[in-house]
Structures are given as structure tokens and as C-alpha cells.
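What follows is a set of notes on a single structure, which appears directly below.
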Amino acid sequence: AFDTGHLMSDPLQGITRLDHAINIGLMLSYVSLRAGDLVGVYGFGEKVEIFRKAERGVHSLVQLQADVATLSYGKGETNFTLGLTVLLTKLRRRSLVIVFTDFVDTISARLMVENMQRLSKRHLVIFVSFLDSDLITMSEVEPNSLLHLHESVVASEFRREREAVLKKLGRLGVHHIEAPVDQITT
């Protein structure tokens with residue numbers, strides 16, 4: 001499941017978060033299809049963009065690639081209530097759902113957490129977000145000016161809020177992966 005909201009259009013290492021997610025998702029799809037698993041795709045932002053029912057066989061990778069190619073970068077906030085509720089109604093059997101998304105702070109993540117919890121009651125959910133190395137650098141660098149001190153404090157607060165959200169997701173039964181984009185593999 002790919003979040004296409006505006007946060008996913010932010011670049012990491014010169015490529016948007018959404019494009020990184022699609023690349024990782026397609027590689028994971030290929031490995032899963034080769035192993036004989038069923039794989040589907042879902043895209044949502046302000047509205048649901050695509051839903052491809054899970055299919056078996058490497059031949060279905062071509063259709064998955066075509067489907068994710070239609071995903072567009074959203075300009076608005078992700079509607080997690082709509083997106084994850086629709087996904088929940090479309091999945092008929094217990095499934096492994098890998099959600100590629102991002103959030104900024106605990107306030108913007110509140111609806112995301114509530115809807116992830118609802119999804120995790122019926123399905124095994126893995127929450128994947130990309131760790132921004134610039135955020136880590138800003139929070140750990142020794143400030144040498146008032147501006148750098150301000151940046152460091154804000155970056156540290158963002159990191160604390162992200163950790164709080166990820167811990168809450170973990171307590172709710174949602175598994176999470178948060179790592180730099182070059183360290184997330186199948």
C-alpha cells in the first residue's frame with residue numbers, strides 16, 4: 001500500500017519518497033511472486049488511486065508495474081481514514097499489508113495511528129517509513145550559532161515525536177521499519 005500524499009513527494013537522496021517506496025515495493029513483489037505468494041497493490045492519498053487484487057505468478061509483475069506507474073504525487077494531506085478503511089473492506093482474507101508512508105509529528109499521525117490499529121486487528125501490518133539522514137545530522141551536530149541551535153532543537157523534537165509514534169504503533173501490533181532509504185531492502 002503506497003501513500004501518495006504530499007509528504008511522499010519530498011526527496012531523499014535526490015529521489016522522492018514515493019519513488020523509493022515504489023522501487024522497494026516492486027522488488028519485494030518480484031521476490032514474493034517468485035516464492036509463490038499472492039501480491040496486490042494499493043495506492044491512496046487524498047482519495048484511493050488504485051487497487052489491484054492480489055494475484056499469483058511472476059507474469060502479474062507487469063500489471064503491478066503498470067499500476068504503480070499511474071500513481072501521482074499528491075498535493076494534499078493523506079486521508080488515512082478513507083484510505084485504510086477502503087483497504088480494510090477490500091481485503092477478504094487475512095493478509096500481510098506493507099504500508100509505505102510518512103508523517104511529520106504526533107498531531108498529524110493521530111488519524112494514521114488509529115486507522116493502522118484498525119487494520120492490524122485483522123491483518124499483519126508492516127509500517128515502512130524512511131529515516132531522513134539530514135534530520136539525524138541536524139539533531140546530532142554540535143551547534144555553532146543560534147540558527148544551528150534552533151535547527152538542532154527542532155530536529156531533536158521531530159525525532160522524539162517520530163519515536164513516540166513508532167512505539168505506539170508497536171504497542172498496537174503494527175510492525176515498523178524506519179531506516180535510511182539505502183538500508184531498506186526486501
| Would you say the side-chain atoms of D102 and S129 include a donor-acceptor pair closer than 3.5 Å? | no
| message | Take a 6.0 Å sphere around CZ of R122 and say whether it holds more than 12 heavy atoms from other residues, nucleotides or ligands. | response | yes
| query | Linking I/L/V/M/F/W/Y whenever any side-chain heavy atoms sit under 4.5 Å apart, do L96 and L64 land together? | reply | yes
| said: What I'd like to find out is whether the side chain of Q65 reaches to under 4.5 Å of the side chain of L26, using heavy atoms alone. | reply: yes
| note | Minimal heavy-atom distance between A1 and F44, with the atoms involved, is CB-CE2, 4.3 Å
| Ion pair check, E163 and R160, cut-off under 4.0 Å | no
| said: Show, in sequence, the C-alpha distance, side-chain angles and deciding distance for E49 and T70, and conclude whether the side-chain hydrogen bond (donor to acceptor under 3.5 Å, both in side chains) test is met. | reply: CA-CA 8 Å; E49 291 191 40; T70 66; 5.9 Å; no
| Taking the side chain from S156 and the backbone from S152, do they hold a donor-acceptor pair closer than 3.5 Å? | yes
| task | From the options V97, L166, L124, V125, select the one residue that forms a side chain to side chain contact (heavy atoms under 4.5 Å, CB included) with V174. | result | V125
| query | For R93, does the CZ atom have more than 12 heavy-atom neighbours from other residues, nucleotides or ligands under 6.0 Å away? | reply | no
| Does some side-chain heavy atom of H123 sit less than 4.5 Å from a side-chain heavy atom of L88? | yes
| Do you know which two heavy atoms are closest between G14 and P11, and how far apart they sit? | C-CB, 4.5 Å
| query | Does R162 count as lying over the ring of F103, i.e. NZ or CZ under 6.0 Å from the six-ring centre, within 45 degrees of the axis? | reply | yes
| said: Nearest 0.5 angstrom please: I184 CD1 to N23 CG, how far? | reply: 12.0 Å
| If you group Ile, Leu, Val, Met, Phe, Trp and Tyr by side-chain heavy-atom gaps below 4.5 Å, do L82 and Y42 land in one group? | yes
| From F127 CZ over to H175 NE2, what is the distance, rounded to the nearest 0.5 angstrom? | 14.0 Å
| message | Any side-chain to backbone donor/acceptor pair from R52 onto V41? Under 3.5 Å, distance only. | response | no
| task | Could you walk me through whether V165 and E161 pass the side chain to side chain contact (heavy atoms under 4.5 Å, CB included) test, one step at a time? | result | CA-CA 6 Å; V165 169; E161 287 190 14; 5.7 Å; no
| task | Could you tell me whether the side chain of V128 reaches within less than 4.5 Å of the side chain of T101, counting heavy atoms only? | result | no
| Gap separating the CG atom of D37 from the OG atom of S95, nearest 0.5 angstrom | 11.0 Å
| Can you check whether L169 reaches M116 side chain to side chain, under 4.5 Å on heavy atoms? | yes
| query | With a 4.5 Å limit on heavy-atom distance, are the side chains of H20 and F100 in contact? | reply | no
| said: For the residue pair H6 / S9, report whether a side-chain donor-acceptor contact shorter than 3.5 Å exists. | reply: no
| Are any non-hydrogen side-chain atoms of V181 and Q13 less than 4.5 angstrom apart? | yes
| request: State plainly whether one hydrophobic cluster holds both V86 and V113, where clusters connect Ile, Leu, Val, Met, Phe, Trp and Tyr through side-chain heavy atoms under 4.5 angstrom apart. | output: yes
| request: Count the heavy atoms of every other residue, nucleotide or ligand shown that sit under 6.0 Å from CG of L147, and state whether that count exceeds 12. | output: yes
| query | Which atoms form the tightest heavy-atom contact between L33 and G57, and what is the distance? | reply | CD2-O, 3.5 Å
| request: Please round to the nearest 0.5 Å and tell me the distance separating atom CD1 of I50 and atom CG of L71. | output: 4.0 Å
| So if you build clusters from Ile, Leu, Val, Met, Phe, Trp, Tyr with side-chain heavy-atom gaps below 4.5 Å, do L91 and V48 land together? | yes
| task | Assess the side chains of Y73 and D19: does a donor N or O sit below 3.5 Å from an acceptor N or O? | result | yes
| said: Is any side-chain heavy atom of V99 closer than 4.5 Å to one of D3? | reply: no
| query | Out of curiosity, does L38 fall in the hydrophobic cluster containing V68 (side-chain heavy atoms, cut-off under 4.5 Å, transitive links)? | reply | no
| Are any non-hydrogen side-chain atoms of T16 and M8 less than 4.5 angstrom apart? | no
| task | Starting at OG of S29, measure out to CD1 of I24 and round the result to the nearest 0.5 Å. | result | 11.5 Å
| note | One should read off an interatomic distance between L119 CG and T85 OG1, to the nearest 0.5 angstrom, of 9.0 Å
| query | When you check the gap from the basic side-chain N to the acidic O, do R110 and E114 get nearer than 4.0 Å? | reply | yes
